[in-house]
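For reference, the structure is listed below as structure tokens.
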Amino acid sequence: MKAEQSALCEEILRLKKEKNALIMAHYYQRDEIQEIADFIGDSLALARKAAETDADIIVMCGVHFMGETAKILCPDKKVLVPDMSAGCSLADSCNAEELKKFVEAHPDHTVISYVNTSAAVKALTDIVVTSGNARKIIESLPEDEKIIFGPDKNLGGYINSVSNRDMLLWPGACHVHDRFSIEKILQMKKENPGAKILVHPECRRPLQLIADKVGSTAALLDFARTDDAKEYIVVTESGILFEMRRQCPDKVLLAAPAEDAECQCNECDYMKLNTLEKVAKALRDEQPEIIVDPEIVEKAVKPIQRMLELSR
Ligand code: 13P
Ligand code: SF4
């Protein structure tokens, strides 16, 4: 670690102690942020941790909807995101007004929304899910329940196929997971025939079909750690490799490239907006802070709590 970075880390550690702050990071964050975080997890683990923390300040090193989810669960705490412009193309693919019209056109449907949505979309939702619990929650509902699932069409399609459902799917997608190239990945498999393929369910159907394991970031980590193969092609945002290499030091982990990528990996530009400098500044200034309209909080907290109850 460079001297400049270690001075920032020292400042972050001092400030978080002084202010009783908790630093949380998603697996797609830069390595150095995962290194200083108190807690690293997938979307589900981050929501669970936010619901139970007694810290006064939460610094959510992830994207905006993750900060909003934490704020909805802990409205009395200060929730900071190091860079307010860290959005999400998937959350942006579902606008609350359009969803409202769609829901009104299908009044007998239960609305299930992926956690990668705005607070306003969550407020129109019956149950929130993450990629870590979507299948379990949907399978816990009666088979004939009519469901609207949004916004990720790839995750929704995956659940429709494995759980034999016919949910109405919102046509959204994540620009990172939707642009992995099946051709490039099949070529990698040809060059590394012993490698198993790990795929996030936000990827397209053909990739789900060639996968040895489809799962959330936490599920893919678990699989790589406990499975007996020596090599894996990891088809999700490449930030996960930091924790995967830490947990599986003896395995060969190959990042899968995007269709149009010049480099050998696929990164979420939004996730990478957070830096150590911005984490230190957020703790110093107690800004930028997530603010959610209390009326929206009141509605949005119910489907998130329902998710936490159903995924226990
Ligand atoms: P999980 O953390 O649920 O695996 O989701 C991945 C993701 O795209 C988060 O933005
Ligand atoms: Fe959103 Fe995709 Fe980035 Fe996750 S990886 S934050 S779903 S744009």
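All residue numbers in this chain count up from 1 along the given sequence. Counting convention: from 1, in listed order, for ligands and their atoms alike.
At the top of the distance list for atom 8 (S) of ligand 2, counting protein heavy atoms only, stands Ser89 OG, 3.3 Å. Scanning the protein heavy atoms around atom 5 (O) of ligand 1, the nearest turns out to be His200 NE2, 3.5 Å. Scanning the protein for heavy atoms near atom 7 (S) of ligand 2, the closest one is Asn116 ND2, 3.1 Å. The closest protein non-hydrogen atom to atom 10 (O) of ligand 1 is Asn116 ND2, 3.4 Å. Regarding atom 1 (Fe) of ligand 2, its nearest protein heavy-atom neighbour is Cys88 SG, 2.4 Å.
Between Tyr28 and His177, the ring-plane angle classifies as tilted under the 30° and 60° cut-offs. In this structure, His106 and His109 have perpendicular ring planes: the angle between them is above 60°, well past the 30° mark.
Between His26 and ligand 1, a contact under 3.5 Å exists for at least one N or O pair. At under 3.5 Å, not a single nitrogen or oxygen of Asp42, backbone or side chain, sits near a nitrogen or oxygen of ligand 1.
The residues Lys100 and Glu104 are annotated as salt-bridged, a charged nitrogen and a carboxylate oxygen being separated by less than 4.0 angstrom. The existence of a salt bridge linking Glu286 and Lys19 is confirmed by a sub-4.0 Å separation between a basic side-chain nitrogen and an acidic carboxylate oxygen.
Tested against Asp38 for a salt bridge (charged side-chain N to carboxylate O under 4.0 Å, His left out), the candidates Lys17, Lys16, Lys49 yield a single pass: Lys16. Of the listed residues (Arg179, Lys272, Arg30), just one forms a salt bridge (charged side-chain N to carboxylate O under 4.0 Å, His left out) with Glu237, and that residue is Lys272.
Aromatic rings of Phe149 and Trp170 (six-membered ring for Trp) have centroids beyond the 6.0 Å cut-off, not under it. For His175 and Tyr270, the ring centers are positioned less than 6.0 Å apart.
The distance from atom 2 (Fe) of ligand 2 to the nearest N/O/S atom of Cys174 is under 2.8 Å. Counting backbone and side-chain atoms alike, Cys268 contributes no N/O/S atom closer than 2.8 Å to atom 1 (Fe) of ligand 2.
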_Worked check of salt bridge (Lys or Arg N to Asp or Glu O under 4.0 Å) between Asp227 and Lys196_ = CA-CA 10 Å; Asp227 183 62; Lys196 285 194 179 168; 2.9 Å; yes
_Stepwise side chain to side chain donor-acceptor pair (under 3.5 Å) check, Asp83 with Asn274_ = CA-CA 6 Å; Asp83 190 319; Asn274 296 325; over 6 Å; no
*side chain to side chain donor-acceptor pair (under 3.5 Å) between Ser43 and Thr130, worked out*: CA-CA 6 Å; Ser43 311; Thr130 73; 6.0 Å; no
_Worked check of side chain to side chain donor-acceptor pair (under 3.5 Å) between Arg205 and Asn154_ = CA-CA 7 Å; Arg205 184 84 185 127; Asn154 295 327; over 6 Å; no
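Residue Tyr114 touches ligand 1 through its side chain alone, judged by heavy-atom distances below 4.0 Å.
Within ligand 2, counting atoms from 1 as listed, the ones closer than 4.0 Å to a heavy atom of His175 are 8 (S). Those atoms of ligand 1 with a heavy atom of Ser43 less than 4.0 angstrom away are 1 (P), 2 (O), 3 (O), 5 (O), 9 (C). The distance from ligand 1 to the heavy atoms of Met66 drops below 4.0 Å at these ligand atoms: 9 (C), 10 (O). Counting the atoms of ligand 2 from 1 in the order shown, those under 4.0 Å from a heavy atom of Glu202 are 7 (S). Applying the 4.0 Å criterion to heavy atoms of Thr217 picks out, from ligand 1, the atoms 1 (P), 2 (O), 4 (O). Remark: ligand 1 atoms within the under-4.0 Å shell around heavy atoms of Glu202 are 5 (O), 6 (C), 7 (C), 8 (O).
Heavy atoms of Glu237 stay at 4.0 angstrom or farther from ligand 2. Between Tyr28 and ligand 1 there is a heavy-atom distance shorter than 4.0 Å. Taking 4.0 Å as the cut-off, His26 does not count as a neighbour of ligand 2 on heavy-atom distance.
Proximity annotation for atom 1 (P) of ligand 1: of Ser131, Cys268, Ser216, Gly62, Ser131 comes nearest, heavy atoms only.
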